[in-house]
2 protein chains.
Amino acid sequence: MVQYASPALDLSFAALADATRRGIIDQLGRADASITSLADRFQMTLTGMKKHVQVLERAGLVVTQKAGRVRTCTLGQRGLAAEAAWIEAHRQLFAARFAALDDILSDMQREESDGQPE
Amino acid sequence: MVQYASPALDLSFAALADATRRGIIDQLGRADASITSLADRFQMTLTGMKKHVQVLERAGLVVTQKAGRVRTCTLGQRGLAAEAAWIEAHRQLFAARFAALDDILSDMQREESDGQPE
DNA sequence: TGCATACTGAACCATATGGTTCAGTGTTTA
DNA sequence: TAAACACTGAACCATATGGTTCAGTATGCA
């Protein structure tokens with residue numbers, strides 16, 4: 001497991017690769033929530049939910065704070081900026097590749113029609 | 001591992017959660033490549049590279065085709081549209097949550113200054 | 001024909017992941 | 001003060017991941 005690149009993106013994309021965790025982000029977008037309420041909603045043990053929240057926290061997507069006996073989870077201020085940036089940059093890569101392909105295809109078509117005037 | 005949501009996003013975010021695989025996408029953005037050339041560039045065995053390519057392929061991000069004895073890898077036409085859509089939608093969620101917090105804070109400030117006129 | 005190339009598949013390994021249970025610890029509240 | 005609540009941590013389990021090696025198979029070229 002050589003590391004030539006962003007461990008931050010590793011962590012956040014891995015965090016997003018699980019439906020439960022994407023659901024937690026959805027949920028926290030509506031309102032802050034305790035571990036217990038999230039565990040209820042996603043039908044999971046407290047321990048299981050805590051692990052998911054920790055994954056999101058390590059990725060910087062969620063922030064938690066303990067007040068008394070309840071730990072409240074909130075969306076992290078960092079947001080999804082870095083992830084959006086990577087995705088957008090590479091969306092253009094995909095698009096450019098297909099544009100290049102289109103060029104080749106239209107070149108081929110031009111050549112073809114050049115060979116057969118009208 | 002209950003599944004209430006998009007296994008497609010599970011696959012693609014998981015595929016993106018690895019620096020080598022993000023690097024492969026980078027590379028394929030510049031030019032199509034064989035398994036061998038990718039394995040060379042990322043200093044990995046053929047078998048190891050093949051596994052990465054398979055992960056990308058299962059996620060629909062890469063398409064491969066075998067001609068003779070060489071398998072050529074290309075970016076998939078599907079692109080990163082679904083992933084971009086999810087991220088953008090949730091970026092707004094994050095933003096909205098902080099806008100709400102700002103409102104609360106400015107309310108608090110207003111109340112405070114109301115109590116202490118000039 | 002025969003050797004080099006390019007991939008493929010099985011088997012293996014260490015570590016990570018997604019979950020559980022059980023046994024705590026610290027906080028509220030009746 | 002005692003019971004209920006909210007979380008925490010350790011231990012365990014099955015499966016997935018990221019890699020390897022080794023032994024093929026199929027293709028291309030001299």
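Proteins get letters first, then strands, A, B, ... in listed order; numbering begins at 1 in each. Source: prediction; values computed, not measured.
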Student: Can you sort out which residues in residues 59-77 of chain B have a heavy atom within less than 4.0 Å of DNA chain D? Ascending by number, please.
Tutor: B/Gly68, B/Arg69
Student: Let's see if you can work this out: which of C/dT20, D/dT20, C/dG18 has an atom nearest to the side-chain heavy atoms of A/Thr47?
Tutor: C/dT20
Student: Send over the distance from B/Asp18 CG to D/dA16 P, rounded to a whole Å.
Tutor: 18 Å
Student: Determine whether B/Ile24 and B/Met49 make a side-chain contact, defined as any pair of heavy atoms from C-beta on separated by less than 4.5 Å.
Tutor: yes
Student: Check whether any side-chain N or O of B/Lys50 sits under 4.0 Å from OP1 or OP2 of C/dG9, and answer yes or no.
Tutor: yes
Student: Nearest-Å distance, CD1 (A/Ile35) to P (D/dC5)?
Tutor: 18 Å
Student: Between A/Leu46 and B/Leu46, name the one whose nearest nucleotide on DNA chain C is closer to the 5' end.
Tutor: B/Leu46
Student: Between C/dT8, D/dG18, D/dT20, which nucleotide has the shortest distance from any of its atoms to the side chain of B/His52?
Tutor: D/dG18
Student: Using atom types as modelled, flag every donor-acceptor pair under 3.5 Å from a side chain in residues 62-75 of chain A to any protein atom, sequence neighbours excluded.
Tutor:
from: A/Thr64; atom 1: OG1; to: A/Glu57; atom 2: OE2; distance (Å): 2.9
from: A/Thr64; atom 1: OG1; to: A/Arg71; atom 2: NH1; distance (Å): 2.8

Student: Can you give me the closest heavy-atom contact between A/Ile25 and B/Phe94, atom names plus distance?
Tutor: CG2-CE1, 3.8 Å
Student: Looking at every non-hydrogen atom in both residues, tell me the closest pair between B/Asp10 and A/Ala19 and how far apart they are.
Tutor: OD1-N, 3.7 Å
Student: Send over the distance from B/Arg58 CZ to D/dG18 P, rounded to a whole Å.
Tutor: 10 Å
Student: Rounded to whole angstrom units, what separation is found between the CE atom of B/Met44 and the P atom of D/dT21?
Tutor: 12 Å
Student: Calculate the interatomic distance between B/Leu38 atom CG and C/dT8 atom P; express it in whole Å.
Tutor: 13 Å
Student: Tell me the closest heavy-atom pair linking B/Ala39 and B/Thr45, and the distance in Å.
Tutor: CB-O, 4.0 Å
Student: Can you name the nearest heavy-atom pair linking B/Ala59 to B/Ala15, along with the distance?
Tutor: CB-CB, 3.9 Å
Student: Mind calculating the distance between CG (A/Leu56) and P (C/dG18) to the nearest angstrom?
Tutor: 10 Å
Student: Would you call B/Arg22-B/Asp26 a salt bridge at under 4.0 Å N-O?
Tutor: no
Student: Nearest to the side chain of B/Lys51, heavy atoms from C-beta on, is which of D/dT21, D/dG19, C/dT21?
Tutor: D/dG19
Student: Please report, rounded to the nearest Å, how far the C1' atom of C/dT21 is from the CE atom of A/Met49.
Tutor: 17 Å
Student: Starting at CD of A/Gln54 and ending at C1' of C/dA16, how long is that distance when rounded to a whole Å?
Tutor: 14 Å
